[in-house]
Each structure stands twice: as C-alpha cells, then as structure tokens.
2 protein chains.
Amino acid sequence: MVKKRVSSRRNRRVTLRDIAEATNVSVMSVSNVVNGKSQFVSRATRLKVEAAIKKLKYVPSATSRKLRSSQEFSIGMIIMDEAPVFLADPFICLLVAGLSNHLSSNNYSLTIQGVRPESFKQASLFSVAGTDALCAILCGSEADRRKNVEFMMGRHQPVVLFQDKLNIKASGIAMVSQDDEKGGHSITSHVISRGAKRLLFVRPLVQWPAIEKRLKGVKKAIARKKGVTLDILKCEESTFEKTQEALAEYLADAEVPDAILGGTDAMGIAAMRYCQDQDFDVPGEIMVTGFNGFSASNFSTPSLTTIISPAYEMGQLAGQLILDRLRTGRFSARNTLLPVSFKQGGSA
Amino acid sequence: MVKKRVSSRRNRRVTLRDIAEATNVSVMSVSNVVNGKSQFVSRATRLKVEAAIKKLKYVPSATSRKLRSSQEFSIGMIIMDEAPVFLADPFICLLVAGLSNHLSSNNYSLTIQGVRPESFKQASLFSVAGTDALCAILCGSEADRRKNVEFMMGRHQPVVLFQDKLNIKASGIAMVSQDDEKGGHSITSHVISRGAKRLLFVRPLVQWPAIEKRLKGVKKAIARKKGVTLDILKCEESTFEKTQEALAEYLADAEVPDAILGGTDAMGIAAMRYCQDQDFDVPGEIMVTGFNGFSASNFSTPSLTTIISPAYEMGQLAGQLILDRLRTGRFSARNTLLPVSFKQGGSA
DNA sequence: TTGAAAGCGGTACCAT
DNA sequence: ATGGTACCGCTTTCAA
C-alpha cells in the first residue's frame with residue numbers, strides 16, 4: 001500500500017510535492033518551473049504551477065538543493081583577530097565587501113566569522129556553515145598559521161589566504177596579498193629623502209604577516225642609507241589610546257625621532273595627535289606616516305601621508321579565483337601580489 | 001537483493017556509512033560519536049570510531065544535518081546601500097561584529113550581503129543562503145521599506161530590522177534601534193547652549209530612517225528656542241569629497257552658520273576640515289558635530305563632539321532576540337530602543 | 001515535454 | 001548501548 005503524504009499536517013513547509021499535487025503535474029515539472037528551465041516546460045504547465053506557487057506561498061529549500069547537488073553555493077571567510085570587533089579595521093571591511101559583492105553577483109553567499117587565535121579550530125563556521133571553499137586572514141607565528149591552514153585543508157576545500165606568504169605545496173591553496181614590502185620601502189624612502197635620520201616604526205604586538213612585510217620593506221630602505229637608524233615600538237593593541245600610551249612611554253626616555261612610521265593609518269594618526277599634543281610640529285619637527293590609507297587619512301590635520309591599499313580589489317580577486325577553482329578544479333594563480341600606491345599627505 | 005554501496009567510487013565524500021562499515025558499527029553509533037553523545041556509546045566503540053574518522057578523514061556534512069533537522073543554524077543579514085562598499089560605515093561594521101559574535105558563540109553562522117536598493121529582492125542571499133531568520137538595515141521611503149520587509153516575511157522567517165520604525169503588526173518581526181531622536185536633540189541643545197543661532201544639518205541624500213530621526217530630534221531642540229534657525233544640506237553621497245563639495249556650494253551664497261551638525265562622523269569631519277581650510281576657526285567661529293562616534297572622532301583636530309552609538313550592543317541584542325525567538329516561537333521584545341550618549345570633543 | 005524512482009548524508013524514531 | 005529504517009526536499013537519471 002502506498003503511503004499517502006498527510007498534507008493536512010499543520011506548520012509543515014510547503015514543498016515541490018505540494019505544488020505538484022495541487023496542479024496535477026510531476027515534481028520535476030515544478031522543479032523546472034522554479035528553476036526557470038522553461039525549455040522543458042509547456043507554457044500551460046508553467047502558468048498553472050506559477051499560480052500554485054504564489055497561492056501556496058512556496059519557498060524553495062536551499063538546503064535540499066545543496067544536499068542533492070553536492071554544492072553549497074557558499075564561501076566561508078574567517079577573520080582572525082585578538083579583539084572581538086573583528087571588523088574594526090577598514091582594510092578588512094573593504095576586503096570583505098569586495099569578496100562579498102563578487103560572490104553575490106555570481107549567486108554565491110558569504111558566511112563570515114571573527115575568531116580569536118586560540119579558538120580557531122572551534123569556529124562554528126567550520127561545523128555549522130556548509131561551504132564550498134574557505135578564505136582566511138590569519139595572524140600569529142608561521143608555525144601557528146601553518147597549523148591552521150592545514151586544519152582548513154583537512155576539510156577538503158579550496159583555501160584562499162589573504163596577506164600571507166606560507167610556502168605550502170598543495171594545489172588546494174592560493175594566496176592574495178598586497179605588496180606590503182614595497183609599501184614599507186616607499187614610505188620609508190620618502191621620509192628619508194625629506195631628511196629623517198631617526199625613524200620609529202610603531203607596530204601592534206600581534207604578529208601579522210603583513211606587518212612583518214612592511215617592516216622588511218622599511219629595513220630594506222634604510223639598509224643603504226648612512227646614519228639612518230630605526231627603532232621599533234610594539235603596542236599592546238592598535239587602538240588609539242594604547243598607541244598613544246606606548247608612544248608616551250617610549251618618548252619618556254628616548255630621543256625624539258624624526259619620523260614615526262605607523263603600522264596602520266589608525267596608529268599613525270594616534271601617534272600624530274599625541275605628538276601635536278606635546279607641542280611638536282608635524283611634519284616640521286616630526287614626520288608621521290600611516291599605512292593602508294582610506295578615508296580616515298583625510299580626517300587628521302595635516303592629512304596623513306600613507307600607502308593606499310587595494311583591499312576591495314583583493315576581495316574581488318579572491319572571489320574570482322575561488323569560483324574559477326570550483327569550476328575548473330585548479331587555481332589560475334597561486335600567489336598574487338597586488339600593487340600598492342603612495343599617497344602624499346601633509347604629515348610627511 | 002540488497003544494493004551494495006560502491007565504496008570504490010573515486011572522489012566520493014566520506015560519509016557516516018563509510019565509517020560505520022569500516023568499524024562494523026551502526027550508522028547511528030557513528031553519528032552519536034560525531035555529536036559527542038557519549039552517553040549512548042561505549043568507550044570501546046567510541047575509540048574505534050574516532051580512529052576511523054581520523055584515518056578516513058571524515059568531515060561531517062553540515063547540509064545533511066540541516067536538511068534532516070529542519071534547522072539551518074544560520075542567520076542572514078542584508079545591508080542596503082547605494083554604494084558597493086556596504087561595510088564602509090563603522091556603525092555597520094560594529095553592528096555586524098556584535099551580531100556575528102553572538103551567533104558564533106551559540107553555534108550559529110552569519111551570512112551577509114550588501115544590496116543596492118533597486119535589487120533587494122534579487123539578493124542571492126534569499127535564494128541560495130538557507131537561513132533560519134533574517135536581519136536587515138534598509139533605506140528608502142517608508143513604502144519601499146515596507147515592501148521589502150513584506151518580501152522577507154513572505155519567506156516564513158523571523159525578521160529583525162535595525163534602525164527602523166515601521167509599524168507592522170505581525171509577530172514575526174522585531175526592531176532594534178538606537179535613540180537617534182534623543183541624540184539629535186542632545187547635540188543640538190549643546191550647540192545652542194554654546195550660543196549657536198544659525199544651524200546647518202548636513203545629511204546624505206538617501207533616506208535612512210535613522211537620519212530622519214536625528215533630524216526630528218534636531219528640530220525638536222530648536223522648536224523652543226527663539227531666533228534659532230535651521231538649514232538642511234543634502235549631499236549626494238556621504239563621502240569626504242562629496243560632503244566638502246556640497247558644503248562649498250552652500251557656503252558660496254549662504255550666510256556662514258554658527259554650527260554644522262554632521263549626519264555622521266565622517267560628514268562632520270569632512271565639514272570641519274573644509275571650514276578650517278577656509279580659515280574659519282573651529283569651534284571659535286563655527287562649531288561642528290558628528291554622529292555615531294567611534295575612534296575616527298579622535299582623528300581630527302580638534303576632536304569631534306559627537307553622539308556615541310551602541311552599535312556593537314545592537315548587533316548582540318539582535319542575535320539574542322533571534323535565537324530566543326527561534327527557541328520559544330516569539331520575540332521577547334518587538335521594539336527595542338538603545339540609549340546613545342553625548343561625547344564632548346573639542347569641535348563644539 | 002513529462003514522470004517515476006533513486007539518492008544526496010545525515011537524524012528521528014523505534015526496536016532490541 | 002546498538003541497530004534498522006524512514007525521511008528531510010530537492011535534483012539526477014532515465015524511461016516514456
């Protein structure tokens with residue numbers, strides 16, 4: 001005896017079958033209508049079905065489609081940060097916007113999550129999200145980052161890493177970065193050409209590969225110059241107040257630098273405002289620069305000399321790489337480096 | 001004859017059944033191990049299964065679980081914006097971070113998407129994401145917003161709206177806002193108490209309900225005061241340059257205002273810097289204020305007098321409301337208004 | 001153009 | 001504590 005579906009059960013979701021029964025059409029025809037495959041459906045059937053869909057308020061189940069077709073149409077993005085406010089940095093926000101928009105226009109969705117470094121593997125994204133591929137921006141030591149990457153690859157999904165340079169020989173991973181080293185070099189050369197001798201690089205305590213690369217560029221620019229020295233100041237966090245506190249402590253018993261190189265725009269501006277509060281003239285007595293300049297670099301007086309980041313484009317590019325990889329089975333580029341540009345402001 | 005699963009098929013994903021076969025245990029026991037229900041599994045079985053899981057590199061399928069359990073463990077968030085960079089405003093970023101973190105700690109994931117007003121209904125989030133509930137922050141006329149909300153509710157999911165005040169009598173919707181009217185009132189009263197007579201409110205062209213409420217507060221504060229006037233300047237976009245352009249045009253043939261009230265911090269700072277470039281003293285000749293103050297309000301000289309927004313808390317609260325609603329079937333609050341606070345800076 | 005049946009990979013439910 | 005089986009709602013596949 002054929003089991004009859006109890007269609008009167010309350011609160012049951014309306015399914016393709018309900019539409020099929022209501023219209024005396026097969027489930028497949030309904031499916032074809034829903035998916036706009038009008039080639040396989042007669043006009044009469046389509047109209048009948050569309051009417052029933054409207055009448056019964058049918059909403060397709062994305063999950064069922066995913067399960068059956070073994071595709072998630074969804075990408076996960078993990079943002080590692082020590083602070084809970086993982087979207088505080090405009091760089092991250094632009095990156096995510098670029099990624100999200102590219103995916104959206106290709107009918108993919110983006111699931112995001114911020115995680116603290118110590119609880120990376122517990123991220124609910126991994127257990128509950130259902131993704132076709134993963135993106136991440138990681139901090140920490142190379143060993144730590146490598147472990148986390150291997151964890152992601154253990155999920156049998158392609159991985160795109162931002163702002164990283166891990167040397168991993170696997171076809172499932174790609175990296176998208178901006179040329180931080182060049183940026184660090186440019187901005188340092190600039191202040192040196194303006195006469196700075198004693199430089200101070202202000203950086204967050206946390207190890208971000210991007211910051212290390214900036215610093216590398218800074219050192220390279222100094223290497224050839226006679227009489228130019230570099231101090232490095234680590235700030236516990238990269239907030240306005242913490243940066244100023246750290247700088248105050250440093251200036252208490254160090255010679256005043258000629259130029260302060262901020263690891264980010266926010267740190268640069270915090271430093272600049274502190275110097276001004278101490279009655280130093282910027283850039284007359286102390287030059288100050290930022291990094292990853294967005295609108296905020298215009299907020300200060302003088303405006304901040306900084307390095308402009310292609311963050312939005314990096315997000316877009318990552319989306320493109322991922323979708324191509326899902327289609328073709330291979331990454332068209334494994335290691336992309338996008339150019340940055342120098343922005344002259346009034347602060348250096 | 002029992003159909004035997006062809007386990008040699010290449011590239012097939014490893015499933016619970018594979019683990020069950022490999023360990024001579026039932027599928028359910030494997031499931032119970034995977035879900036940590038150790039109450040139902042003997043130690044010996046558990047160990048066997050765990051070993052096989054590691055060996056075969058089993059990764060659970062979130063989607064299958066979702067389909068079977070009729071829960072998505074996922075919330076969607078739609079951010080309506082005319083600009084593609086939908087995460088440009090720190091208010092949105094903090095809101096999203098608060099929401100995401102709350103959901104994550106309850107093992108829910110967050111899917112986000114920015115949409116332009118005219119393509120709201122086509123958002124891929126609706127068709128491909130698979131969510132239990134929806135959040136949104138909308139702009140546009142009340143009629144437009146209402147249509148979009150009705151569209152969301154047509155998906156049979158709870159909806160939480162941020163910064164809105166639509167009067168909708170349905171149990172499936174809740175609203176979470178900050179007290180923008182009070183904020184507008186506070187900041188206006190402040191500049192009036194400092195002697196401002198001619199006020200200029202600078203706002204984006206787009207209709208955000210939050211901006212309308214701020215303006216309402218501004219007008220309320222003025223209503224009782226003799227000799228205080230208000231002009232409203234609409235900027236095409238709320239970017240730095242567009243704000244300054246609009247202001248330049250306004251000042252070309254209007255009397256100089258005593259106070260400029262920025263609709264957001266970014267607009268306030270743009271206005272302030274323009275005034276300073278025109279050699280006006282801030283706050284001596286012109287006072288300037290912002291709204292939704294975050295770290296950027298410290299970036300300017302002088303720092304910006306502004307209204308501090310509980311954006312992160314709003315996100316958290318929305319997460320809490322949603323999860324409660326999914327558990328209990330009803331919203332514990334339908335219309336929440338979070339307090340804002342006044343922040344004294346140097347600009348007014 | 002239409003339809004019937006299998007099955008995606010889990011969990012609910014019930015029996016033992 | 002363990003196992004058998006139906007089934008979540010859709011798409012794939014193949015036959016008509």
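In this text, all values refer to a predicted model and were calculated from it rather than measured experimentally. Numbered from 1 within each chain, the chains take letters A, B, ... in sequence-line order.
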Closest to side chain of [X], choosing from [options]:
X       : options              : value
A:Arg17 : D:dG9, C:dT11, C:dG9 : D:dG9
B:Arg13 : D:dG9, D:dT11, C:dG9 : C:dG9
A:Met28 : C:dG9, C:dT2, C:dA5  : C:dA5

Does [N] have its OP1 or OP2 closer than 4.0 Å to a side-chain nitrogen or oxygen of [X]?
X       : N      : answer
B:Thr15 : C:dC8  : no
B:Thr63 : C:dG9  : no
B:Ser26 : D:dG3  : yes
B:Ser42 : D:dT2  : yes
B:Ser31 : C:dT11 : yes
B:Thr45 : D:dT2  : yes

Starting from [atom2] on [N], measure out to [atom1] on [X] and report it in whole angstrom.
X        : N      : atom1 : atom2 : value
A:Gln39  : C:dT2  : CD    : P     : 13 Å
B:His156 : D:dG9  : NE2   : P     : 12 Å
B:Lys66  : C:dG9  : NZ    : C1'   : 14 Å
A:Leu67  : C:dC8  : CG    : P     : 9 Å
B:Asn35  : C:dG10 : CG    : P     : 10 Å
B:Leu16  : D:dT5  : CG    : P     : 17 Å
B:Lys48  : D:dA1  : NZ    : P     : 15 Å
A:Gln71  : C:dG7  : CD    : P     : 21 Å

Please work out if [X] contacts a base, only the sugar-phosphate, or nothing of the nucleic acid, heavy-atom cut-off 4.0 Å.
X       : value
B:Ser69 : nothing
A:Val41 : sugar-phosphate
A:Asn32 : nothing

### Message
Using heavy-atom distances to pick each residue's nearest nucleotide on DNA chain C, tell me which of B:Pro60 and A:Phe40 is more 5'.
### Response
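The residue whose closest nucleotide sits nearer the 5' end is A:Phe40.
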### Query
Taking all non-hydrogen atoms of both residues, which atom of B:Phe162 and which atom of B:Met314 are closest, and how far apart?
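Scanning both residues, the minimum pair turns out to be CE2-O, 3.6 Å.
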### Query
When the nearest nucleotide of DNA chain D is assigned to B:Val25 and to A:Val59 on a heavy-atom basis, which residue is associated with the more 5' position?
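In this pair, the answer is B:Val25.
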### Query
So which one's nearest nucleotide on DNA chain D is more toward 5', B:Asn24 or B:Ser70?
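Per heavy-atom nearest nucleotide, the more 5' residue is B:Asn24.
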[X] vs [Y] side-chain heavy atoms within contact, under 4.5 Å:
X        : Y        : result
A:Ile75  : A:Cys135 : yes
A:Tyr58  : A:Val30  : no
B:Pro117 : B:Asp144 : no

### Message
As an exercise, state the distance from CZ of A:Arg68 to OG1 of B:Thr63, rounded to the nearest 0.5 Å.
### Response
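Between atom CZ of A:Arg68 and atom OG1 of B:Thr63 there are 14.0 Å.
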#### Entry: Note: A:Glu142-A:Arg146 ion pair, threshold 4.0 Å (strictly below)
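The answer is yes: the pair qualifies as a salt bridge.
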### Message
Quick check: any donor-acceptor pair below 3.5 Å linking the side-chain of A:Arg68 to the base of D:dG9?
### Response
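Per atom types, no contact qualifies.
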